[in-house]
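Following: one structure in structure tokens, then a few remarks.
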Amino acid sequence: MENFLKKTLFLMLVMVGLNATAQWDPGATQSLGMGHGFNALSQSVMSNTFNNANKGTSKAENADYIYFGFSNFRGFEEKIFNQLVANDKNVDKGKIRRFLSDSRTMHQFNIRSRDFGLKDTYISDILATGIAWNWEMYHQTKSSKQKVINLRNAIRGNMAKGPVKTQIAKLSATDKTDWMMSFMYNNAMLAQTIKNTGKLTATQKQQLAQTAKQAGVENIASVSLK
């Protein structure tokens with residue numbers, strides 16, 4: 001089962017016909033919303049954010065609101081499922097659906113956002129939630145709620161700046177949904193794999209670092225949220 005989950009996660013996020021022993025690259029999610037310049041946009045959004053967050057940035061206004069309905073999550077999971085089946089006709093469809101269901105992305109982000117004192121209806125909150133969750137798995141420790149809030153505020157402040165605000169304004173509602181859902185699913189599915197493994201392996205730690213890069217965090221190892 002563990003090997004199946006590794007292969008499934010790899011296929012879902014890379015979408016190329018590599019063998020199951022190849023390294024998972026969570027940055028290669030073009031067909032699931034992280035292409036089209038979204039990685040570059042994520043880096044723009046996160047530019048200097050941790051420097052500001054460590055100074056306890058005050059709350060900024062005009063966060064970019066985003067709404068996810070249950071149907072959006074079901075549709076995105078169906079997209080993942082269809083991509084998997086298209087890449088491997090012999091894949092176990094039942095196991096794919098169970099793995100996607102067990103990841104419970106919508107529920108997990110809602111719970112973690114509230115635990116951090118954030119919401120899951122703003123891009124800045126979703127990014128801060130995903131980064132903090134990723135950071136906790138990577139460092140195997142709890143983050144400081146206040147530091148996560150400061151991180152959100154710094155992301156929000158950076159998003160309100162001219163160049164980044166202009167980039168985000170050019171995105172359609174579908175673009176923004178795919179961008180955020182790809183990020184959320186990467187976090188949730190990797191967390192589910194680590195949970196099923198029962199421990200954090202060296203490979204999974206590297207995968208967490210790559211997932212953080214997808215969100216614009218160049219080096220999660222050097223970040224402090226404690």
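Under the rule for a side chain to side chain contact (heavy atoms under 4.5 Å, CB included), Ser71 has no partner lying at least two apart in sequence or in another chain. By the side chain to side chain donor-acceptor pair (under 3.5 Å) test, Ser113 pairs with Thr129, sequence neighbours left out. The side chain to side chain donor-acceptor pair (under 3.5 Å) test applied to Asn72 returns no partner, not counting sequence neighbours. Under the salt bridge (charged side-chain N to carboxylate O under 4.0 Å, His left out) criterion, Glu77 pairs with no residue at all, not counting sequence neighbours. Not counting sequence neighbours, the partners of Lys145 by the side chain to side chain contact (heavy atoms under 4.5 Å, CB included) test are Ile149. Judged as a side chain to side chain contact (heavy atoms under 4.5 Å, CB included), and not counting sequence neighbours, the contacts of Thr166 are Lys170. Take Phe73 and apply the ring pair (Phe, Tyr, Trp, His ring centres under 6.0 Å) test, not counting sequence neighbours, and it matches Phe68. Shown here are the side chain to side chain donor-acceptor pair (under 3.5 Å) partners of Arg74, two or more places apart in sequence or in another chain: there are none. Every side chain to side chain donor-acceptor pair (under 3.5 Å) that Trp135 has, sequence neighbours left out, goes to His139. In this view, Ala132 and Phe116, Ser143, Val148, Leu225 satisfy the side chain to side chain contact (heavy atoms under 4.5 Å, CB included) rule, not counting sequence neighbours.
Taken together through direct or relayed side-chain contacts under 4.5 Å among Ile, Leu, Val, Met, Phe, Trp and Tyr, Phe70 and Ile111 form parts of separate hydrophobic clusters.
Ion pairing between Glu136 and Lys226 fails under the 4.0 Å rule for side-chain N and carboxylate O. Contact check on Asp64 versus Lys176 returns a salt bridge, with a Lys/Arg side-chain nitrogen under 4.0 Å from an Asp/Glu carboxylate oxygen.
Screening residues 198-226 for ring-ring contact (aromatic ring centres under 6.0 Å, His included), with sequence neighbours left out, gives no hits.
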Using residues 215-222 as the side-chain source, report each donor-acceptor pair under 3.5 Å to any protein atom, sequence neighbours left out, with the distance given to one decimal.
from: Asn219; atom 1: OD1; to: Ala221; atom 2: N; distance (Å): 3.1
from: Ser222; atom 1: OG; to: Asn219; atom 2: O; distance (Å): 3.0

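At least one side-chain heavy atom of Leu171 sits less than 4.5 Å from a side-chain heavy atom of Leu41.
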